[in-house]
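After the structure tokens below, expect a handful of questions from me.
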2 protein chains.
Amino acid sequence: MKKHQITIVDIARQLNISKSTVSRVLTGHPSVSEKTKEAVLKLANELDYQRNMLAINLMSSQSHTIGIIVPEFVTSFFPMVIMGAQEVASQAGYNVLISQSNESYETEVANAKVMLDNRVDGVLVSLTRETRNYDHLKVFQRKGIPIVFFNRVCDDMQVPKVVVDDYEGAFKAVEHLILTGRKRIAHLGGPTSLHISKKRLEGYKDALRKYNQPIDPGLILDYDLNLDKVKIYIKHLLDLPEPPDALFTINDPTAFEAMIFIKAKGLKIPEEIAVVGFSNNYGSTLIEPRLTTVAQPTHEIGQVAARLLLDQINSDASEWKPIYRVLKTELLVRGSS
Amino acid sequence: MKKHQITIVDIARQLNISKSTVSRVLTGHPSVSEKTKEAVLKLANELDYQRNMLAINLMSSQSHTIGIIVPEFVTSFFPMVIMGAQEVASQAGYNVLISQSNESYETEVANAKVMLDNRVDGVLVSLTRETRNYDHLKVFQRKGIPIVFFNRVCDDMQVPKVVVDDYEGAFKAVEHLILTGRKRIAHLGGPTSLHISKKRLEGYKDALRKYNQPIDPGLILDYDLNLDKVKIYIKHLLDLPEPPDALFTINDPTAFEAMIFIKAKGLKIPEEIAVVGFSNNYGSTLIEPRLTTVAQPTHEIGQVAARLLLDQINSDASEWKPIYRVLKTELLVRGSS
DNA sequence: CCACAACATGGGAACGTTCCCATAAACGCC
DNA sequence: GGCGTTTATGGGAACGTTCCCATGTTGTGG
């Protein structure tokens, strides 16, 4: 059981003034005499008074908390985004309630419910790879709670979104492969339900088109991002009568798995097959050869998304605009290509 | 501005019953007639009623939230621990408020304050590398809020702690190096203020002693975990008149940096110098050669710590015991040794 | 010296729950 | 049929704030 907590009433009683006055001092209200202000501050400090956010939250009907729902946080991408968001949020006096959906639709739904129960003031979401139904997220809109998507966004909802230029990033990656003489560039993409998968695939195709290279459907595969399956797809590609001489993957972890398999097969990277990833995850400079990849401004994604969310929190719902922010990527050419 | 929220009073009014009864239905209190129960449940569902945790929290003087303070979460270690803790916590109906101290003492202090303001029901802490003063954490004890340390623990406080057997892990790592014929094993350790640094150093020394190898102080370095400095220390070691033929580092990220530098110098790993890390971070199987390391049961650390914390939350402060849980490590021998 | 503004303070409702206590009805039981 | 017991319900305080409104007190200008 908890001990008695010091409240403003305790302070008021000891100083023989009303709790209103104490509250005024503590919230910095101007109309209170210098003398009482000092006395209150002094006693509050002595008693080790700590404001009770539980009461403030109820009173203000605000939790001063924003929720973040991400599919996972073991690879470095989402943690970095969260860092950026957390910075902005805590500077504005908001806490961050993080939850992982573990790439499971059901967990995402459950997490959304928790956020709702806890009356988060807004929510940042990056979808799971299997989310097809968005009812659990539309609830936020219905209840007037702002929502901002990042990275894995929902095309169905008219709300702010923060993404990187996946199309351009993929285009640059593939263009780079073409310009370094690759003739058969394979693409191991993500689930077609994800916006990012589509955009990256488009960039891949358009780069080939621009340089008049044939688009061979046999070199384009999409998979569910379950890393264990990567080697199956890579094996398939390598076993083709005309195997690819380059590989562009949906993300870095996929590229890592692919490289490990390719190296185990005894093929030389980049001589026999070049590999390019996406995201510049932790590990891309560890693997050998170092992975060429499309860097995303992770930290900035988090910051921008959090700022958009705070803007909505601090404005009337009628003013909300479905701003679509596209951040730039950067191609980092390293040893694998 | 928020729209009107559906409350139990709304439900009560519409059904012409008291809010007490509605509350009873919603909390599953037995003494309420089947008929009213049904009606309430039906209407609550229709109106899309959502309980307001803000009110419940104030009423119960519990935030139903546990705080976690970690030094960082970009390397995979802490995210994994957090995952374990989050699992246990959310199963028990608790939220998790995560904050990063970024290895900064001041941020750790500020984070602790936020936790206190928000009346977390308990807190899980892993210290920064620079924390020497524990007043900001002792406040929790004083206020009757349970605290559990993990990984980077505080020797000064009599509270539950969850660690791995750093001593034994280090011992096994160094023993392995000795048994594979290494004669001059260097150790790049962490700051001596950290408990884990001391324990791992002890394990290192005792392994050497057991096999009658000399302990050469010139081969033992400690640093502040700022990865940028690793190459300076490694350079120093390699430039010694009698350079080491093996290196045992305080953790994996340090080992990665060391390996990159060593490889750049043209030395062969493991032939000319073997490397062993600690923690089995993400990336240890990416780097080449794959890093031999001491695996920690990260997920389990989080689970165990969260359970110890919940046990305290649900029991009287007088029953709290400073349980010290030591989990087993496992030596993973891979290519780097 | 009086009217009126500016300042300092107090009182109490409100936020949405839970929970204790009271009350009324229904139900045996001898 | 009266009495104690169970069952279903209502009333209202409490949690710790904030904030509106009221009240008193001081100061200022004509």
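Residue numbers start from 1 in every chain, and the chains themselves are labelled A, B, ... in the order their sequence lines are given, proteins ahead of strands. Heavy atoms only: backbone and side chains are in, while hydrogens, waters and symmetry mates are out.
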task = May I have the distance from Gln5(B) (atom CD) to dA14(C) (atom C1'), rounded to whole angstrom?
result = 15 Å
message = I want to verify a distance call: between dT17(C), dT9(D), dC15(C), whose nearest atom is closest to the Leu58(A) side chain?
response = dC15(C)
key: Integer-rounded Å distance: dT18(D) P and Asn52(A) CG   = 10 Å
request  = Quick one: label Ile56(B) by what it contacts on the DNA or RNA (base, sugar-phosphate, nothing), any heavy atom closer than 4.0 Å.
outcome  = sugar-phosphate
Phosphate-side-chain proximity, Ser61(A) and dC15(C), N/O vs OP1/OP2 below 4.0 Å = no
query = Whole-Å distance between dA8(D) P and Lys37(B) NZ?
reply = 9 Å
May I have the list of side-chain donor-acceptor pairs in residues 144-154 of chain A shorter than 3.5 Å, sequence neighbours left out?
{"unit_1": "Arg152(A)", "atom_1": "NH1", "unit_2": "Glu103(A)", "atom_2": "OE1", "d": "3.0"}
{"unit_1": "Arg152(A)", "atom_1": "NH1", "unit_2": "Glu103(A)", "atom_2": "OE2", "d": "3.3"}
{"unit_1": "Arg152(A)", "atom_1": "NH1", "unit_2": "Leu127(A)", "atom_2": "O", "d": "3.1"}
{"unit_1": "Arg152(A)", "atom_1": "NH2", "unit_2": "Glu103(A)", "atom_2": "OE2", "d": "2.9"}

query = Heavy atoms under 4.0 Å, any strand shown: does Ser33(A) hit a base, just sugar-phosphate, or nothing?
reply = sugar-phosphate
Donor/acceptor link under 3.5 angstrom from Arg119(A) side chain onto base of dG16(C) = no
message = Whether the Asn102(A) and Ser104(A) side chains hold a donor-acceptor pair (N or O, under 3.5 Å, no angle test) is what I'd like checked.
response = no
ask   = Using a cut-off of less than 4.0 Å, is there contact between a side-chain N or O of Ser60(A) and OP1 or OP2 of dT17(D)?
value = no
inquiry  = Can you see if the side chain of Tyr49(A) gets near the phosphate of dT17(D) - specifically, an N or O under 4.0 Å from OP1 or OP2?
reply    = yes
request  = Would you kindly compare Thr36(A) and Ala55(A) by the position of their nearest DNA chain C nucleotide and give the one closer to the 5′ end?
outcome  = Thr36(A)
Whole-Å gap separating C1' (dT9(C)) and CD (Glu34(A)) = 16 Å
note = Assert: residue with more 5' nearest nucleotide on DNA chain D, out of Lys19(B) and Arg51(A), is Lys19(B)
key: First of Arg24(A) and Met59(A) reached from the 5' end of DNA chain C, by closest nucleotide   = Arg24(A)
inquiry  = For a quick check of understanding: with a heavy-atom distance under 4.0 Å over all strands, which category does Thr21(B) fall into, base, sugar-phosphate or nothing?
reply    = sugar-phosphate
message = Base, sugar-phosphate or nothing for Thr7(B)? Non-hydrogen atoms, less than 4.0 Å.
response = sugar-phosphate
query = Considering only side-chain heavy atoms of Val32(A), which listed nucleotide, dT18(D), dA14(D), dT9(C), is closest?
reply = dT9(C)
task = Taking only the side-chain heavy atoms of Ser31(B) (C-beta and beyond), determine which of dT17(D), dA8(D), dT17(C) contains the nearest atom.
result = dA8(D)
message = Heavy atoms only, 4.0 Å cut-off, all strands: where does Asn16(B) land among base, sugar-phosphate and nothing?
response = sugar-phosphate
request  = Go through Ser23(B) and Ser20(B) one step at a time and tell me if the side-chain hydrogen bond (donor to acceptor under 3.5 Å, both in side chains) criterion holds.
outcome  = CA-CA 5 Å; Ser23(B) 168; Ser20(B) 306; over 6 Å; no
Check: dG11(D) base within 3.5 Å donor-acceptor of Ser20(B) side chain = yes
ask   = Over how many whole Å does the gap from His29(B) atom NE2 to dT17(C) atom P extend?
value = 18 Å
inquiry  = Quiz question: by atom type and distance under 3.5 Å, do the side chains of Glu87(B) and Ser90(B) form a donor-acceptor pair?
reply    = no
Length of the line joining Asn57(B):CG and dT17(D):P, which is rounded to integer Å = 15 Å
message = Rounded to whole Å, how long is the line connecting atom CD of Gln62(B) with atom P of dC19(C)?
response = 11 Å
Working for salt bridge (Lys or Arg N to Asp or Glu O under 4.0 Å), residues Arg307(A) and Asp311(A) = CA-CA 6 Å; Arg307(A) 259 186 230 116; Asp311(A) 285 350; over 6 Å; no
request  = Report the distance from atom CZ of Arg13(A) to atom C1' of dG16(D), rounded to the nearest whole Å.
outcome  = 12 Å
Aromatic plane relationship, Tyr105(B) with His136(B) - under 30° parallel, 30 to 60° tilted, over 60° perpendicular = perpendicular
request  = With heavy atoms under 4.0 Å as the rule, sort Ile17(A) into base, sugar-phosphate or nothing.
outcome  = sugar-phosphate
